[in-house]
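On a predicted model such as this, the values are computed, not experimentally measured, just so you know.
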Amino acid sequence: MIMPTEKPFLTSKEVNKNMRLACQVKVKNDLVVELPEEYLSIQEYQAEVVYNKPLTYDIKEVRFKLLDPEVIKFRPGQYLQFHIPVDEDELIYRAYSISSQPSTPGEVELIVRLVPSGIGSTYIHHLEKGDSVTISGPYGEFTLQERSEADIICIGGGAGMAPLKSIIYSLFEKGTKRNVYLYFGVRAKKDVFYIEELEKLKKDNPNFNYCFALSSPDESDKWKGETGFIHLILEKQISDASNMEAYLCGPPVMTDAAIKVLTEKGIGKNN
């Protein structure tokens, strides 16, 4: 049963849905409420689709132009919340990492993998050029530590490329002298994307290198690169991680295994 102290803060629709205020604090003395500065920059944005193009059979790159407000300030690695209409009276929210760089504040880019029966990814995959969307952000503390001079190793899998792309390209856009490595795991050759873009980045920046590894290559793939789980490739190729910062985005089992390897190679806990 809803308590009298809750009623003033709930709409009739929320009451009918049996929603409750789970946390209530009775203030008896003066208190100070502090919000992290970045929370104050979170806004709601109206945007429209610039393009929606496939990268693989189940991953799309989608770019949006911001209309109101017209620019967003974010840090590489942060994410947005999509406001997705389920019906006339209900919205759901889904989070997607930004894959573009802060230097293009009038547009944001996402890399979205289609999840079977996934409400958010299905909605985004079916967007067309000119469609209107509502988003909010930026959110998240998984961000590039720009003041550091340590080498960087980015490790990902699946749709985990999005924040890593933002971090890597932002670094080289600013002419970083830090060594940057990307290790990315997928199942088969059909799941590989951005090879041409990464090859160009490597050609233009001798301090960048990348490695894709296929965990379950098809016989028809004729893959000449690394095979196996990405943490095993790390174990083989990284001899000393003591001067590295690691950025990981992907399935928990992958990130856990990668962290174990990096720890054994000497990476600091804070890195």
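- Residues C154 and Y181 fail the side-chain proximity criterion, which asks for heavy atoms closer than 4.5 Å.
- Remark: K190 pairs with no residue by the salt bridge (Lys or Arg N to Asp or Glu O under 4.0 Å) rule, at least two apart or across chains.
- Residues forming a ring pair (Phe, Tyr, Trp, His ring centres under 6.0 Å) with H126 (at least two apart in sequence, or on another chain): none.
- Note on E245 versus R178: salt bridge recorded, some NZ/NE/NH1/NH2 to OD/OE distance being below 4.0 Å.
- Annotation: side chain of Q46 is not in contact with side chain of E48 (no heavy-atom distance under 4.5 Å).
- With sequence neighbours excluded, no residue forms a side-chain hydrogen bond (donor to acceptor under 3.5 Å, both in side chains) with K222.
- Shown here is R187, whose CZ atom has no more than 12 heavy atoms of other residues, nucleotides or ligands within 6.0 Å.
- Every residue was checked against the ring pair (Phe, Tyr, Trp, His ring centres under 6.0 Å) condition with F142, not counting sequence neighbours, and none meets it.
- S170 has its side chain within reach of P102: a pair of non-hydrogen atoms, C-beta onward, lies under 4.5 Å apart.
- At a threshold of 4.5 Å between non-hydrogen side-chain atoms, the residues P163 and P76 do not count as touching.
- F64 is linked by a ring pair (Phe, Tyr, Trp, His ring centres under 6.0 Å) to F82, counting only residues two or more places apart in sequence or in another chain.
- Using a 4.5 Å heavy-atom cutoff, the side chains of Y51 and E61 are in contact.
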Query - M254/I155 under side-chain contact (heavy atoms from CB on, under 4.5 Å): CA gap, chis, key distance, verdict - result: CA-CA 9 Å; M254 181 215 76; I155 306 164; 4.3 Å; yes
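- More than 12 non-hydrogen atoms from other residues, nucleotides or ligands lie less than 6.0 angstrom from OH of Y139.
- Considering only heavy atoms from C-beta on, N179 stays 4.5 Å or farther from I152 through its side chain.
- The pair K203-E199 does not meet the salt-bridge criterion, since no charged nitrogen lies less than 4.0 angstrom from a carboxylate oxygen.
- Every residue two or more places apart in sequence or in another chain that forms a salt bridge (Lys or Arg N to Asp or Glu O under 4.0 Å) with D58 is listed here: R113.
- Of the possible polar contacts, one joining the N16 side chain to the S12 backbone as a donor-acceptor pair under 3.5 Å is found.
- In this structure, F184 has its ring center no closer than 6.0 Å to that of Y210.
- Ion pairing of K236 with E226 is present here, as a side-chain N (NZ or NE/NH1/NH2) and a carboxylate O approach within less than 4.0 Å.
- Below 30°, between 30° and 60°, or above 60°: for F172 and F208 the angle between ring planes is above 60°, a perpendicular geometry.
- Shown here are the side-chain contact (heavy atoms from CB on, under 4.5 Å) partners of K28, two or more places apart in sequence or in another chain: there are none.
- Listed by chain and number, the residues in a side-chain hydrogen bond (donor to acceptor under 3.5 Å, both in side chains) with S216 amount to none (sequence neighbours excluded).
- Environment of OH in Y57: crowded, with over 12 heavy atoms of neighbouring residues, nucleotides or ligands closer than 6.0 Å.
- By the salt bridge (Lys or Arg N to Asp or Glu O under 4.0 Å) test, D204 pairs with K200, sequence neighbours left out.
- Here the side chains of R63 and S100 are in contact, with some heavy-atom distance below 4.5 Å.
- Formation of a donor-acceptor pair under 3.5 Å by the H125 side chain with backbone atoms of V112 is found in this model.
- Salt bridge annotation for E146-K174: present, with a cationic side-chain nitrogen under 4.0 angstrom from a carboxylate oxygen.
- Note on L198: it does not cluster hydrophobically with I153, by side-chain heavy-atom contacts below 4.5 Å among ILVMFWY residues.
- Cluster membership for I119 and L114, using ILVMFWY side-chain heavy atoms within less than 4.5 angstrom, is not shared.
- At least one donor-acceptor pair closer than 3.5 Å links the side chain of T255 to the backbone N or O of P252.
- When all heavy atoms of L67 and E70 are compared, the pair lying nearest together is O-CG, 3.2 Å.
- D240 places a side-chain N or O within donor-acceptor distance of the main-chain N or O of S242, the cut-off being under 3.5 Å.
- Shown here for H231 and A257, the closest heavy-atom pair between the two residues is CG-CB, 3.5 Å.
- No side-chain N or O of Q43 forms a donor-acceptor pair with one of S136 less than 3.5 Å apart.
- Among residues two or more places apart in sequence or in another chain, the side-chain contact (heavy atoms from CB on, under 4.5 Å) test is passed with S103 by Q101, E173.
- Distance alone, capped at 3.5 Å, places no donor-acceptor pair between the K60 side chain and the I111 backbone.
- The side-chain hydrogen bond (donor to acceptor under 3.5 Å, both in side chains) check on Y96 picks up nothing, with sequence neighbours excluded.
- Judged by distance alone, the side chain of N52 and the main-chain N or O of L127 form a donor-acceptor pair under 3.5 Å.
- By the rule that hydrophobic residues join a cluster once side-chain heavy atoms approach within less than 4.5 Å of another member, F212 and I238 end up as members of separate clusters.
- Applying the ring pair (Phe, Tyr, Trp, His ring centres under 6.0 Å) test to Y247 and every residue at least two apart in sequence or in another chain returns nothing.
- Of the possible polar contacts, one joining the N207 side chain to the T176 backbone as a donor-acceptor pair under 3.5 Å is found.
- K165 has its side chain within reach of E109: a pair of non-hydrogen atoms, C-beta onward, lies under 4.5 Å apart.
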